[in-house]
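Working notes, structure below.
Predicted model only: the values in this text are computed from it and were never measured.
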Amino acid sequence: MISIEFLVTIATLAFVFAMAAQLLNLEAAWGGMWDLGIAGLIGVGAYSYVLLTTASDALMPGLGLPWPVGMLGAGVITGLVALVIGWPALRLRGEYFLITTFAFAEILRQIIVIQRDITGGTFGLTTIVKPFEFQFTIEGYPYVRLALTVVLTAVVWLVCSRIATSSYGATLRAARDNEPLAMAMGKKIKTLRLSTYATVGLMCGLFVGPAYAWMLGALVPSVFSSHLTFTLWAGLVIGGLGSRFGPIVGALLLTGVSEMVRLVHVPPELANLHAAAHPMLVGLLLIIVLRWRPDGLLSERGTFARLRRRHRRPAAPGSTAAGADSPTVSTPILTGSAHDSNS
């Protein structure tokens with residue numbers, strides 16, 4: 001019998017991953033910055049939030065700030081860290097950028113381990129300030145935590161959707177599809193990408209890190225390893241790179257299917273096989289989706305085609321709408337960015 005508490009916990013984790021997958025979609029799918037270090041930014045946000053909100057004692061030098069202030073402070077700190085990482089990393093391209101962001105994420109995790117006087121080292125931090133925790137019972141608070149996570153996921157979706165449909169987002173996709181042409185139109189590509197990467201860091205610290213800390217109840221460095229990054233990437237690929245709803249769908253599906261395996265009871269001698277079922281299911285989902293839906297469950301082409309149809313105005317008599325009906329994505333993106341050379 002599946003308990004409601006277990007389902008609520010899984011749903012909370014799924015929506016936290018949905019938030020992170022949307023930010024990964026913003027920088028990787030729309031911005032062309034294939035990042036393998038997002039787990040490090042989430043870790044900075046989570047630890048910053050806990051250190052800002054927890055009261056200082058003999059074991060931890062916390063500041064004891066209110067949780068809304070802690071979220072804002074964590075966002076600012078993580079955004080600044082993203083700026084420091086992005087400044088040298090964004091000068092690189094392709095696999096070199098991947099390797100650099102992965103290396104920075106591992107460096108951040110090792111700093112957390114080494115600075116045990118601040119972060120607790122490998123033992124981590126066990127005191128987490130949660131919003132409205134004392135206004136509800138222990139049994140009822142998981143539902144409140146889930147509601148807060150859903151609200152934050154909706155806020156992240158609204159922000160990412162606004163960016164996607166703006167001239168800023170059009171310029172991002174134009175630089176991704178044809179960087180020399182975007183630069184020829186007067187776009188400052190390096191500044192654009194650095195600001196996008198910093199925005200992703202800001203929202204990782206403001207939304208994802210605190211929500212992940214609330215869900216976990218304790219922070220240890222191993223939580224923010226490369227496994228978290230690869231899980232987010234798997235959810236994004238399954239849902240659909242470049243789609244507005246794809247990251248949410250992919251994260252919810254991946255988390256639900258892979259975590260439900262924990263409900264299966266197996267004999268002790270099969271414990272190792274049972275533990276390997278989680279990555280096996282992730283790989284199986286990826287193979288199935290990439291075999292029959294190479295663009296993911298929801299595609300970027302379909303997302304922006306629907307937006308173009310929604311905002312299309314009736315053509316004047318004698319005019320042609322061939323450009324609006326074009327099935328490609330890159331043409332309207334570049335056209336949209338050409339109308340706003342100052343973005």
Side-chain angles (χ1 to χ4, degrees), residues 16-17 19-24 26-28 33 35-54 60-63 65 67-90 97-130 149 152 156 159 193-233:
V16 171
F17 285 173
M19 274 191 284
Q22 289 181 86
L23 299 179
L24 190 60
L26 170 60
E27 63 170 330
M33 299 174 286
D35 183 13
L36 285 182
I38 192 168
L41 295 179
I42 297 174
V44 171
Y47 272 89
S48 298
Y49 169 79
V50 174
L51 291 172
L52 288 172
T53 56
T54 306
M60 189 176 66
L63 297 181
L65 300 174
W67 64 266
V69 179
M71 292 178 66
L72 291 173
V76 172
I77 292 172
T78 312
L80 292 175
V81 171
L83 276 176
V84 173
I85 294 175
W87 181 259
L90 289 172
F97 179 76
L98 285 170
I99 295 171
T100 302
T101 53
F102 180 79
F104 271 118
E106 287 301 307
I107 290 172
L108 291 173
R109 192 166 68 88
Q110 291 303 319
I111 290 175
I112 292 174
V113 173
I114 294 172
Q115 298 296 325
R116 62 186 65 184
D117 293 337
I118 299 175
T119 64
T122 55
F123 294 100
L125 304 175
T126 57
T127 303
I128 309 293
V129 175
K130 304 172 184 177
T149 307
L152 293 182
V156 172
V159 173
R193 287 175 172 159
L194 183 60
S195 63
T196 303
Y197 195 73
T199 300
V200 169
L202 173 68
M203 289 197 286
C204 276
L206 185 59
F207 300 116
V208 185
Y212 202 23
W214 302 337
M215 199 281 302
L216 293 173
L219 297 182
V220 290
S222 59
V223 173
F224 305 100
S225 65
S226 58
H227 176 75
L228 175 59
T229 296
F230 296 143
T231 300
L232 297 177
W233 265 107

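- The two residues Leu41 and Gly201 have their closest heavy-atom pair at CD1-CA, 4.2 Å.
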Would you sort out whether Glu27 and Ile38 count as a side-chain contact (heavy atoms from CB on, under 4.5 Å), showing the intermediate values?
CA-CA 10 Å; Glu27 63 170 330; Ile38 192 168; 4.2 Å; yes
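- Nearest approach of Ile42 to Cys204, heavy atoms of both residues: CG1-SG, 4.1 Å.
- The side-chain hydrogen bond (donor to acceptor under 3.5 Å, both in side chains) search around Ser195 returns Tyr168, not counting sequence neighbours.
- Contact annotation: the side chain of Ile111 never approaches that of Tyr47 to less than 4.5 Å [non-hydrogen atoms, C-beta and beyond].
- Distance check: Thr119 OG1 to Arg109 CZ gives 12.0 Å after rounding to the nearest 0.5 Å.
- Closest approach of Val69 to Leu65, counting heavy atoms only: CG1-CD1, 4.0 Å.
- With rounding to the nearest 0.5 Å, the separation of OG1 in Thr101 from CG in Asp35 is 4.5 Å.
- Here side-chain hydrogen bond (donor to acceptor under 3.5 Å, both in side chains) pairs that include residues 218-230, with residues two or more places apart or in two chains, number zero.
- Ring-plane geometry between Phe102 and Phe230 is classed as parallel, the angle between the planes falling under 30 degrees on a 0 to 90 degree scale with a further cut at 60.
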Assess the residue pair Met215 and Thr149 against the criterion (side-chain contact (heavy atoms from CB on, under 4.5 Å)); give the C-alpha distance rounded to whole Å, side-chain angles, the decisive distance to 0.1 Å, and a yes or no.
CA-CA 9 Å; Met215 199 281 302; Thr149 307; over 6 Å; no
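- Val156 pairs in a side-chain contact (heavy atoms from CB on, under 4.5 Å) with only one of the listed residues (Leu206, Leu26, Leu23), which is Leu23.
- For the side-chain hydrogen bond (donor to acceptor under 3.5 Å, both in side chains) test, no residue two or more places apart in sequence or in another chain qualifies with Thr53.
- Distance check, rounded to the nearest 0.5 Å: CG of Leu108 to CZ of Phe104 gives 8.5 Å.
- Taking CG from Leu36 and CD from Glu106, the interatomic distance works out to 10.5 Å, rounded to the nearest 0.5 Å.
- Side-chain contact between Trp214 and Val16: absent, with no pair of heavy atoms (C-beta onward) separated by less than 4.5 Å.
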Evaluate the criterion side-chain contact (heavy atoms from CB on, under 4.5 Å) for residue pair Leu125 and Leu51; output intermediate values, then yes/no.
CA-CA 9 Å; Leu125 304 175; Leu51 291 172; 4.2 Å; yes
Side-chain donor-acceptor distances from residues 70-88 under 3.5 Å, at least two apart:
{"from": "Thr78", "atom 1": "OG1", "to": "Gly45", "atom 2": "N", "distance (Å)": "3.4"}
{"from": "Thr78", "atom 1": "OG1", "to": "Ala74", "atom 2": "O", "distance (Å)": "2.7"}

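- Residues satisfying the side chain to side chain contact (heavy atoms under 4.5 Å, CB included) test with Thr54, not counting sequence neighbours, are Val50, Met60, Thr127, Val129.
- A distance of 9.5 Å separates OH of Tyr212 from CG of Leu219, quoted to the nearest 0.5 Å.
- Using a 4.5 Å heavy-atom cutoff, the side chains of Val44 and Phe224 are not in contact.
- Of all non-hydrogen atoms in Leu152 and Ala211, the two that sit nearest each other are CD1-CB, 4.2 Å.
- The two atoms that bring Ile128 and Ala213 nearest to each other are CG2-O, 3.7 Å, heavy atoms only.
- Applying the side chain to side chain contact (heavy atoms under 4.5 Å, CB included) rule to Leu202 yields no partners; only residues at least two apart in sequence or on another chain are considered.
- Between Val159 and Phe207 the shortest side-chain heavy-atom distance does not fall below 4.5 Å.
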